[in-house]
Amino acid sequence: MDRFVIEGGRPLSGEIGVMAAKNAVLPILAASIMAAEGETVLRNIPAIQDVATLIKLMGTMGVKAHFNADNSIKIDASGLKTFHADYDLVRRMRASVLVMGPLLARMGKCEVSLPGGCNIGARPIDQHLKGFEQMGVTFEESEGYIIGTVGELQGGKVYFDRPTHTGTENIMMAAVMARGTTEIINASCEPEVKDLADFLIAMGAKIKGAGTPYMIIEGVDTLTGVEYRPMGDRLEAGTYLLAAMATRGDIKIEGIRPIDLGLAIRKMEEMGAEITTTDSSVALRMLGRPARTDVITMPFPGFPTDLQPMVTSVLALGEGTSYLRETVFENRFLHTMELARLGADIRVQGDTATIDGVPRLKGAAIMASDIRGGAGLVVAGLAAEGITEVMRVYHIDRGYDRIEKSLTRLGARIQRVNKGEYRS
Ligand code: EPU
């Protein structure tokens, strides 16, 4: 099993670009299932485990999807032959539920194993199911599978109790091929939802209001394959920017829209970073120790929950006491126990972490337990004095395309090693 060995304490510096966002690529791949005709080509796609898992799942359904050496994926969904999504693949990744909308739209049926994925809370899919039911789908559960059936999807009003990211995407995909008009009320405003809408519109869908809480979707009969370049990975960019803060570095990230980072840029400034942006890049310079601040994670445009573990690592080195409240996922604090092994002083009570900043962290062996939590540990390891070993990097590989390569380009000393292979 791979692990990272990090020689910390070096400021990150330099300039890199990011590839397409995992959380845009996954729904877009799922949506490509809906093109009964024409080939879809997706560009600038990262070679990450979650993309490989979804391609495999689509393959079991008769959809030809091929990841090419130039980081493009070609998809031919004309041969879709089944509505069954197998447990063995779905359990590896929660985003597999994104095939529900496309399967219901094309086949009127879906049979999807209850999802697995990251260890960050219960994460039910009740809001997805409630939304589909509003569109005429009936559900039954059998042997760990959810089976949805509908004669013809009907437009209607779908209300979400809270803005769910993949829930909004699932309902939007079903609605683009439903009869009549669908309104989504309290939709997720995450930039990846808007990117999926742009892809669907390119395929022939009629969608208004994507990126706002109120969406209107007019059903169409068919969608056609297109060529598309999904948005850049704002969360990968945010990870490197926060790593530069923790190491007091000076870096520039190309390929994202700063506005897509929501409140994160403002919080970085509050902690003392000097930030310069263009329409498609963010540069960050950090001179001293981070200033204390309070962070509340919220749906977009609030502070992204996916950057919470990385900002925890920065605040662990901050001056004074910071409070961090996680309002999106109830179990997203596992990384704090590992950070304590590096010398961080963090107490978690309920949804709030109290972080008493320390002047320095010291390297130790620590373990990743989910994608972003793992990336947060890497950020801490880059800042810690001495050697940090991060175990179970397969979690990180689900969402980052060789994170160690990008970090090495930014001057970090980080190596991927297998058992006992490391030589200093
Ligand atoms: N929720 C429900 N019922 C539902 C759906 C969601 O109670 O039917 C709850 C969840 O349990 C959670 C909250 O609503 O407490 C928000 O969940 P949401 O549905 O928005 O999250 P998601 O769609 O499962 C996506 C990303 C996550 C990201 C969140 C929040 C993808 C594939 N995943 O998850 O990304 O953290 O939105 O923005 O887009 C990651 O990339 O590492 C990752 C976990």
Side-chain angles (χ1 to χ4, degrees), residues 20-31 46 48-51 53-54 57 90 92-101 112 114-134 139 146 158-173 184 186-196 213 230-231 233-239 260-264 297-310 325-332 334-335 351 368-376 395-401 403:
K22 165 180 89 74
N23 291 346
V25 174
L26 295 173
I28 287 172
L29 260 177
I48 52 177
Q49 200 51 52
D50 277 10
V51 167
T53 302
L54 188 52
L57 181 64
V90 174
R92 295 185 205 175
M93 180 181 70
R94 181 184 155 85
S96 309
V97 297
L98 285 167
V99 299
M100 289 180 94
V112 178
L114 285 164
C118 276
N119 192 9
I120 53 172
R123 302 177 84 187
I125 56 165
D126 58 301
Q127 298 296 311
H128 301 230
L129 303 184
K130 215 173 91 182
F132 287 133
E133 277 167 356
Q134 291 297 310
F139 286 100
I146 294 176
V158 172
Y159 296 88
F160 286 125
D161 293 346
R162 58 191 292 170
T164 154
H165 183 156
T166 49
T168 303
E169 292 170 341
N170 238 339
I171 298 305
M172 173 165 61
M173 290 189 282
I184 308 181
N186 203 16
S188 162
C189 304
E190 303 288 332
E192 292 83 1
V193 173
K194 165 87 168 57
D195 204 47
L196 171 63
M231 64 179 274
D233 199 330
R234 64 189 175 117
L235 301 171
E236 185 185 2
T239 302
D260 290 340
L261 278 162
L263 211 68
T297 66
M298 284 200 181
F300 189 82
F303 190 93
T305 172
D306 290 313
L307 294 179
Q308 182 260 99
M310 303 72 161
R325 216 174 126 221
E326 171 59 62
T327 74
V328 181
F329 292 115
E330 73 267 28
N331 195 23
R332 208 171 209 179
L334 290 178
H335 53 283
D351 64 1
S369 57
D370 64 84
I371 304 175
R372 309 297 172 187
H395 286 293
I396 302 170
D397 291 339
R398 283 188 44 208
Y400 294 82
D401 186 353
I403 195 172

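Both ligands and their constituent atoms are indexed starting at 1 by order of listing.
- Of the options R372, K22, Q49, a side-chain hydrogen bond (donor to acceptor under 3.5 Å, both in side chains) to Y400 is made by R372 and by none of the others.
- Heavy atoms of G167 come nearer than 4.0 angstrom to ligand 1 in no pair at all.
- Between T164 and S188 the shortest side-chain heavy-atom distance does not fall below 4.5 Å.
- Only the side chain of R94 comes within 4.0 Å of ligand 1, judged by heavy-atom distances.
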Go through it in stages, so that I can follow the logic: the residues are D306 and R332, the test is salt bridge (charged side-chain N to carboxylate O under 4.0 Å, His left out), and I'd like the CA-CA distance, side-chain angles, deciding distance and then a yes or no. CA-CA 9 Å; D306 290 313; R332 208 171 209 179; 2.9 Å; yes

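- Under 4.0 Å from ligand 1, heavy atoms of T164 appear from its side chain as well as its backbone.
- Contact atoms of ligand 1 toward H128: 8 (O) (distance under 4.0 Å to a heavy atom of the residue).
- Against a heavy-atom cut-off of under 4.0 Å, V328 is close to the following atoms of ligand 1: 12 (C), 13 (C), 15 (O), 16 (C).
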Decide yes or no on side chain to side chain contact (heavy atoms under 4.5 Å, CB included) for L98 and M173, but give the supporting numbers first. CA-CA 9 Å; L98 285 167; M173 290 189 282; 3.9 Å; yes

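- Of the candidates T305, T327, T166, the one placing a heavy atom closest to atom 23 (O) of ligand 1 is T166.
- The closest side-chain heavy-atom distance from L129 to M100 is below 4.5 Å.
- The proximity of D306 to ligand 1, defined as any non-hydrogen pair under 4.0 Å, is limited to the side chain.
- Not counting sequence neighbours, the partners of D161 by the salt bridge (charged side-chain N to carboxylate O under 4.0 Å, His left out) test are K130.
- Which parts of ligand 1 touch I125 is read off a 4.0 Å heavy-atom cut-off, strictly below it: atoms 4 (C), 8 (O).
- Taking only non-hydrogen atoms, the option from F300, F160, F329, Y400 nearest to atom 17 (O) of ligand 1 is F329.
- Ligand 1 has at least one atom lying under 4.0 Å from a heavy atom of R332.
- Counting heavy atoms under 4.0 Å from ligand 1, residue E169 does not touch it at all.
- Of the polar atoms of E330, none of the N or O atoms is found under 3.5 Å from an N or O of ligand 1, judged by distance alone.
- Side-chain contact between F300 and K194 is absent, with no heavy-atom pair separated by less than 4.5 Å.
- Interface of A95 with ligand 1, defined as ligand atoms under 4.0 Å from a residue heavy atom, comprises 32 (C).
- Residues satisfying the salt bridge (charged side-chain N to carboxylate O under 4.0 Å, His left out) criterion with E236, sequence neighbours excluded, are absent altogether.
- With a 4.0 Å cut-off on non-hydrogen atoms, R372 touches ligand 1 through its side chain and not its backbone.
- Atoms CD1 and CD1, on I371 and I48 in that order, are 7.5 Å from each other to the nearest 0.5 Å.
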